[in-house]
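This report concerns only the one structure given below.
Hydrogens, waters and symmetry mates are skipped; everything else that's a heavy atom, side chains included, is used.
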Amino acid sequence: MSSLSLPCAAPGRLPPGLRVYAIGDVHGCAGQLARLHDLIAADWAAMPARKAAVVHLGDYVDRGPDSPGVLRRIAGPAPIPGAESVALRGNHEAMMLDALAPSASPEARALWQINGGRATLAAYGGTVPDRDLEILRGLALSWRAGDYLFVHAGIVPGKPLDEQAEMDLLWIREPFLSWTGPLGMVVVHGHTPVPAPVIRPNRIGIDTGAVGGGPLTCLVLEDDRLRFLQAR
């Protein structure tokens, strides 16, 4: 099952000829991600542009049934041939890396497992292969295009973008979510589940709770317009 929305005015602008597809939190829902990638491919085939970028906003693992399948897909070819493929780190990838480090503390292991890590370990049969850990280690913290900054969770209002701490980019909720002033760029983020995408002058939130029964959402940005693709 899938849905899409009509274009509407966006709070920022991209360079001419660039279309960005940004995907919210997947949390082990590999089937939904596959369906959303198919929608992206079909959307591009119907309305190609000069250049495309596909951006995943993090939280690929934990809670859902197939974290290995999600990691294989984000590490594989983009759903659009030749598109730039960007995979950002989420707080769940950070917890997983901390918990599986050779020097991991019992507290780090427990924190990951009670936050969805048990489902991930079960999907791997108890042992995560090195190739998947390398995928996690290679994830970026942010990506920029035009007026937009793409991160997992958000940023600290009032702090220069180049001085944001990794912890904030991966974990912040407040005061970011309730901030109504400018943030320097329009921040596209996931991390905080919402029933429907949130569009504000300073941010766009697209974690629509796929692992909890909601759709997996893709924000489509082009020029000064936006729209959404969704898969269940």
Less than 4.0 Å between a side-chain N and a carboxylate O, is that true for [Y] and [X]?
X: R73; Y: D38; answer: no
X: D132; Y: R137; answer: no
X: R19; Y: D43; answer: yes

Answer yes or no: is there a donor N or O on one side and an acceptor on the other, between the side chain of [X] and the main chain of [Y], under 3.5 Å?
X: Q32; Y: G214; answer: yes
X: T208; Y: P215; answer: yes
X: R109; Y: A104; answer: yes
X: R50; Y: P16; answer: yes
X: R203; Y: L177; answer: yes
X: S67; Y: D62; answer: yes
X: Q164; Y: L169; answer: no
X: E84; Y: A52; answer: no
X: E163; Y: P160; answer: no
X: D66; Y: G28; answer: no

Could you tell me which residues satisfy side chain to side chain donor-acceptor pair (under 3.5 Å) with S178, sequence neighbours excluded, listed by chain and number?
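E174.
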Determine whether [X] and [Y] make a side-chain contact, defined as any pair of heavy atoms from C-beta on separated by less than 4.5 Å.
X: T217; Y: I23; result: no
X: I155; Y: D168; result: no
X: T120; Y: Y124; result: yes
X: T192; Y: R173; result: yes
X: L57; Y: V188; result: yes
X: V128; Y: M96; result: yes

Checking F150 now: which residues fulfil ring-ring contact (aromatic ring centres under 6.0 Å, His included) with it, not counting sequence neighbours?
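Counting only residues at least two positions away or on another chain, F150 forms a ring-ring contact (aromatic ring centres under 6.0 Å, His included) with W143.
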Can you tell me which residue among L88, N91, D207 is in a side-chain contact (heavy atoms from CB on, under 4.5 Å) with H152?
N91
Count I, L, V, M, F, W, Y as connected when their side-chain heavy atoms are under 4.5 Å apart, and connections chain through other members. Are [X] and [Y] then in the same cluster?
X: V211; Y: V70; answer: no
X: W112; Y: L136; answer: yes
X: V198; Y: W179; answer: no
X: L36; Y: V194; answer: no
X: V26; Y: I74; answer: yes

Do H56 and H37 pass the ring pair (Phe, Tyr, Trp, His ring centres under 6.0 Å) test, and can you show the C-alpha distance, the side-chain angles, and the key distance before you say yes or no?
CA-CA 11 Å; H56 296 87; H37 277 193; 5.2 Å; yes
Any chance you could measure [X], atom [atom1], to [Y], atom [atom2], to the nearest 0.5 Å?
X: Q113; Y: R118; atom1: CD; atom2: CZ; value: 5.5 Å
X: L229; Y: L219; atom1: CG; atom2: CG; value: 9.5 Å
X: H92; Y: D59; atom1: NE2; atom2: CG; value: 4.5 Å
X: L216; Y: I206; atom1: CG; atom2: CD1; value: 8.5 Å
X: L161; Y: R144; atom1: CG; atom2: CZ; value: 5.0 Å
X: L133; Y: E93; atom1: CG; atom2: CD; value: 11.5 Å

Candidate pair V54 and V86, rule side-chain contact (heavy atoms from CB on, under 4.5 Å), full reasoning:
CA-CA 6 Å; V54 179; V86 179; over 6 Å; no
Identify each donor-acceptor pair in which a side-chain atom of residues 4-13 lies under 3.5 Å from a protein atom, sequence neighbours left out, and give them as a table.
from	atom 1	to	atom 2	distance (Å)
S5	OG	F228	N	2.8
R13	NH1	D223	OD1	2.7
R13	NH2	D224	OD2	3.4

Tell me, with the steps shown, if D25 and Y60 meet side-chain hydrogen bond (donor to acceptor under 3.5 Å, both in side chains).
CA-CA 6 Å; D25 302 34; Y60 315 115; over 6 Å; no
Shortest non-hydrogen contact between A30 and G69, atoms and distance
CB-C, 4.1 Å
